[in-house]
Structure formats: C-alpha cells, structure tokens
Amino acid sequence: MIVRTRFAPSPTGFLHIGGARTALFSWAFAKRHGGQFILRIEDTDVARSTPEAVQAILDGMHWLGLDYDEGPFYQMQRMDRYKQVIQTMLDAGSAYYCYSSKDELDALREQQMANKQKPRYDGKWRPEANKVLPAIPRDVKPAIRFKNPQVGVVVWDDLVKGRIEIANAELDDLIIARADGTPTYNFCVVVDDSDMGITQVIRGDDHVNNTPRQINMLMALAEIDSAIKVPQYAHLSMILGGDGQKLSKRHGAVSVMQYDDDGYLPEAVLNYLARLGWSHGDDEVFSMQQFAEWFDLDHITPSAAQFNTEKLNWINAHYIKQADNTSLVTDIGKRLSKLNITIGAQGNLPAVIDLYKERINTLNELASSIAYFYQKPVFDVAASEKHLTADIKPVLATLVSLLAPIDWQAELIHQAINEVVTQYQLKFPKVAMPLRVALTGIAQSPSIDQVMALLGKDEVLARINFATS
RNA sequence: GUCCCCAUCGUCUAGAGGCCUAGGACACCUCCCUUUCACGGAGGCGACCCGGGUUCGAAUCCCGGUGGGGACGCCA
C-alpha cells in the first residue's frame with residue numbers, strides 16, 4: 001500500500017514552529033516510503049479562519065521547502081461531500097438529530113463541572129430501542145450527533161506512544177454538524193483522511209483524545225462502506241518554549257517566517273527541528289535529503305521537547321559557513337538595505353562576507369557586523385578611550401605616511417604596520433588595536449590587514465586621520 | 001474533578017536486561033592556536049524523579065507514588 005500522509009493546519013494564525021515540525025515529519029515519512037504528502041487546510045471554523053492565515057501557512061511551507069504532492073485542499077470546498085456522508089450516517093442510524101440548545105448544554109456542562117464530573121452530553125436525544133424521545137421543540141434547530149458506542153474500548157497502536165486504550169464509556173456523542181448545517185472538525189477529518197487515502201496520520205499529541213472518536217466514526221462508516229479503513233496514528237509531543245513553558249500566541253510562539261527575518265537559514269531551522277524529538281544515533285548535522293532517507297517513527301521521543309535557541313544558533317552558524325558566497329551576497333544585500341545601508345558600486349561584498357561568515361551565528365549579525373565597511377564606524381566609547389590614547393596618535397600618523405605610497409595589498413599593509421612597530425619598539429597589538437578601533441569603531445575584528453585591504457586605501461587613511469585628529 | 005500522555009546531564013538526545021564506570025551534541029569552564037574577537041583543536045564539569053517488585057543482573061520490564069503536560073466546545 002502506498003504511503004500517504006498529510007499536514008492539516010487550520011488557518012487561524014501563522015505556521016509556528018510546532019506546526020512546522022509536524023509538517024516536516026509528515027513530509028519526511030512520505031518521502032522515506034516513496035509516498036505522497038498532502039496539504040489540507042481545515043477552514044471549517046469560518047469565524048476564525050482568514051485568507052491571510054492561509055497565505056502565511058503557504059509562505060511558511062514554501063520557505064522551508066516542504067513541498068506537497070497534492071493540495072492544498074480546502075474543507076470549505078468539500079461541503080457537499082460532508083453533507084452526503086452525514087446523510088448516509090443518519091440513514092444508517094449512526095447519527096441523530098439533537099435538539100438540546102446551546103444554553104441547555106452550557107448549563108449541563110456547568111453543573112457537571114460543579115459536581116466534579118467529566119462534562120459530557122447526557123444523551124437526551126440519543127435514540128435507543130425502547131426509549132421515547134422528548135417532543136421536538138419548534139424553536140430549536142437541531143445539531144447532528146454521532147452515535148458513539150457506549151460499551152467496549154477503542155484501542156490503537158500509536159506509532160509514537162505505543163498502545164493506547166480508551167473506554168467508550170469515557171466518550172460521549174459528539175456533534176458532527178452544527179445547527180446551521182456546517183460539519184465540525186472531528187467529522188471532517190474522518191471523511192477527508194478516508195477520502196484522501198491517508199495511511200498514517202501524523203499530528204500533535206493534543207489530538208490523542210480525538211483519536212478514539214475518529215476511529216469510532218471510521219468504523220461506523222466502514223459498516224456502510226467496507227472499503228473504508230482506519231489509518232495508523234502517530235502523535236507527536238509538543239514543543240515547549242526555551243523556558244519550559246507551553247508556547248502560545250501570548251507566550252513565545254512565533255511564525256517560522258520570523259526566523260527568516262531574524263537571519264536563520266531554512267536548512268538550519270529544518271535540521272534543528274528534525275533533531276527535536278527525533279534522532280539517528282549521534283548524528284546532528286544532515287541534509288534534508290539524508291533526513292528523508294533516515295526518518296522513521298521508531299526514533300521519535302514521546303516526551304515534550306524544549307526549544308533551545310543556542311543550539312539553533314550553532315547549527316545556523318554551521319550552515320552559514322557552508323553557504324556559498326553568491327547566495328549570501330544577495331541575502332546580505334537585502335539585510336543591509338533594511339539597515340539603510342547602501343553598498344553602492346563596491347564590488348567587495350563577497351570578500352567582506354567571506355571574512356565574516358565564520359564569525360557569526362545569524363545573517364543579521366553578519367549584516368550588522370560588516371556595516372562599518374559601508375558607513376562611518378560607530379565608535380565604542382570604552383574601546384576608544386582604552387586604545388585611541390594620545391601617545392598612540394603619532395604612531396598612527398607615521399603609519400599613514402608609510403601606507404600612503406604602497407600598493408594596496410594585505411601583505412604590504414602588514415609590512416607597513418611591522419615597520420611602525422619596529423620603529424617605535426612596540427608590540428604588534430599595541431598598534432593593531434588602536435588601528436582596529438579607528439577603522440571599525442570596536443575592539444574586535446578579523447585580521448586587521450585584511451580588513452584594511454578590503455576597506456580601501458582612501459577610506460583607511462581618512463579614518464585614521466579622523467580618529468587621530 | 002474525570003480520562004489520557006510523559007519522565008536520562010541546564011537543554012536536545014543515545015540507550016530494546018549484561019556492550020553503561022551511562023555515549024554524543026548545544027551551552028558553560030580550562031588550555032592550545034593567535035594580532036583583538038571569533039573560528040578551529042584538546043581536555044573538563046554535568047543526568048538515569050522516588051519507592052517497591054521481577055531477575056544471577058534493571059536506565060531498560062512490572063506495580064505504586066510524585067512531578068509535569070494534554071483533553072474534556074455547535075474551536076481546530
């Protein structure tokens with residue numbers, strides 16, 4: 001049987017890190033087994049779904065490079081199909097009309113909570129063999145409920161968590177269609193997963209409690225149509241924030257696109273996410289191609305994982321070091337212009353990037369740390385006071401006179417500095433540090449002669465003169 | 001409250017009864033490299049939630065605690 005997995009977000013917000021990992025694992029599972037990965041947008045909550053959120057999800061998937069073989073399908077476009085299935089369930093007696101009003105249900109729930117009971121539908125309108133149903137109220141539009149079995153248990157072998165067993169007595173008759181006729185989540189999922197031939201449902205473990213209901217519906221549907229099968233389920237534990245707290249809109253949850261803004265490479269985010277809750281021995285760094293070859297559900301941790309920015313930074317730094325300069329140039333150019341820095345006609349950006357790419361964790365850090373090449377340095381007060389002292393100024397003035405006539409190459413620049421060092425009988429850093437501050441504004445930079453070579457003679461001399469004046 | 005899930009260094013994890021004196025990675029610390037800061041290299045610190053049981057032998061299996069999380073909507 002061909003493997004078919006799906007990612008089924010509801011478009012009520014951006015694609016966050018947890019959703020991205022769920023999508024990644026579903027994607028990888030399909031790839032690993034030569035199957036298909038399907039994107040389905042679960043937009044039946046009309047009040048909360050927005051086209052912007054749909055676009056945000058699509059953008060996030062695209063940025064990460066999670067390509068889907070089918071879709072996006074939209075549940076709102078499948079209404080006719082849902083209604084058709086509901087009718088067959090009504091006809092078969094596995095669903096029924098419920099005339100309990102919302103207020104009535106709310107009161108019931110409140111009372112049950114007050115009595116410290118598990119809130120559930122009381123079965124008032126559930127048809128039974130020898131039961132007389134109440135008179136149908138005229139002013140209430142009925143919802144439709146699924147007639148869930150009341151005895152026995154639902155068991156499935158979760159591909160991540162192992163065998164899970166839930167008693168039907170714990171379940172109640174869930175609403176599958178609202179009073180206005182629109183079908184609800186648990187029902188749509190069942191119809192879609194079945195219609196789309198999903199073989200493995202890989203999703204967040206907040207759905208564990210929905211699974212027995214979905215299996216029951218699937219089994220009821222299978223009685224009507226024997227071709228319908230129950231898929232396998234794999235429930236992924238959640239991702240916690242760096243502080244160990246649950247990620248929520250109020251607390252730390254951000255769009256995956258935020259990582260783009262913050263200067264992370266998609267391959268770094270992907271690689272990081274792949275290792276969050278999944279392992280392949282001691283392997284830490286691997287391509288998505290490698291991941292797709294290795295991925296399995298057996299090595300997923302069932303426990304929740306805490307997000308760790310430091311490790312993301314480390315892996316991002318790794319991918320930046322690996323990145324080829326041509327693609328970095330385009331990216332860094334954009335980030336520089338966001339900082340209002342124009343690089344003009346200077347063709348040295350690839351070389352400048354090369355000088356810095358092993359020193360930073362994010363592309364934003366890269367952009368901001370090379371800013372001084374393209375605009376006047378911003379002087380760090382402490383560094384200036386420490387290094388640009390009065391006694392060093394004549395030394396730098398001598399250096400200027402030595403630099404002025406030479407051919408502008410790192411090697412010759414280095415020679416010139418050495419000459420000054422010898423002439424004044426100083427240690428190399430004694431000259432290099434003030435020079436560094438004069439040119440970059442701060443006390444840390446790559447090899448100073450290389451910085452000077454890339455900065456250009458005119459600029460170097462002007463900056464030294466400015467700093468010593 | 002009821003049901004469900006989870007539990008190895010600070011963090012991500014390896015671990016399928018002896019390979020475990022518990023391995024790797026991030027972070028942290030020390031040293032080396034060095035022209036400052038990084039990068040890189042070499043070391044170091046650091047964990048099996050608790051209690052029973054099964055077994056010759058338990059991080060691993062079972063039971064019970066404890067702690068954490070999730071679900072209980074005419075949301076998804």
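Residue numbers start from 1 in every chain, and the chains themselves are labelled A, B, ... in the order their sequence lines are given, proteins ahead of strands.
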message: Strictly under 4.0 angstrom, non-hydrogen atoms only: write out the protein contact profile of nucleotides 17-35 of chain B, one letter per nucleotide from the 5' end, B, S or -.
response: ------BBBSS-------B
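The pair A:Lys311-A:Glu284 counts as a salt bridge, with a side-chain nitrogen and a carboxylate oxygen less than 4.0 angstrom apart. A:Arg81 and A:Asp195 are joined by a salt bridge, as a carboxylate oxygen and a charged side-chain nitrogen come within less than 4.0 angstrom of each other. For A:Glu293 and A:Arg32, the salt-bridge test fails: no basic side-chain N is under 4.0 Å from an acidic carboxylate O.
At the phosphate of B:rA14, OP1 or OP2 sits under 4.0 Å from a side-chain N or O atom of A:Ser279. The side chain of A:Arg109 contributes no N or O atom lying less than 4.0 Å from OP1 or OP2 of B:rG1.
Contact of the A:Leu336 side chain with the A:Ile332 side chain is registered, since non-hydrogen atoms from C-beta on lie closer than 4.5 Å.
Checked against a 6.0 Å centroid threshold, the rings of A:Phe146 and A:Phe187 do not count as neighbours. With ring centers used as reference points, A:Tyr272 lies 6.0 Å or more from A:His318. With ring centers used as reference points, A:Phe291 lies under 6.0 Å from A:Trp278.
For the pair A:Asp298 CG and B:rU60 P, the interatomic distance rounds to 21 Å; values are reported in whole Å.
Of the candidate nucleotides B:rC39, B:rA76, B:rC6, B:rC6 has the atom lying nearest to any side-chain atom of A:Pro302. When each of B:rG69, B:rU36, B:rC74 is scored by its nearest atom to the side-chain atoms of A:Lys102, the top-ranked nucleotide is B:rC74. Closest to the side chain of A:Lys161, out of B:rG1, B:rC5, B:rG69, is B:rC5. With B:rG70, B:rA76, B:rC12 as the candidates, the nucleotide lying closest to the side chain of A:Leu276 is B:rC12.
Residue-level contact check: A:Thr44 touches the backbone only, with heavy atoms under 4.0 Å from sugar-phosphate atoms and none from bases. The residue A:Leu105 sits close to a base: some heavy atom pair falls under 4.0 Å. Using a 4.0 Å heavy-atom distance criterion, A:Ala305 is classed as a sugar-phosphate-only contact. Across all strands shown, A:Thr440 has no heavy atoms under 4.0 Å from either base or sugar-phosphate atoms. Residue contacts shown for A:Lys427 are absent, as no nucleic acid heavy atom lies under 4.0 Å away. At a threshold of 4.0 angstrom between heavy atoms, the contacts of A:Arg120 with the nucleic acid are absent.
Between the base of B:rC75 and the side chain of A:Arg48 there is a donor-acceptor pair shorter than 3.5 Å.
Across all strands shown, B:rC75 has no partner, as no Watson-Crick or G-U wobble contact with both distances under 3.5 Å is found.
For B:rA42 and B:rC33, the P atoms lie 15 Å apart once the distance is rounded to whole Å.
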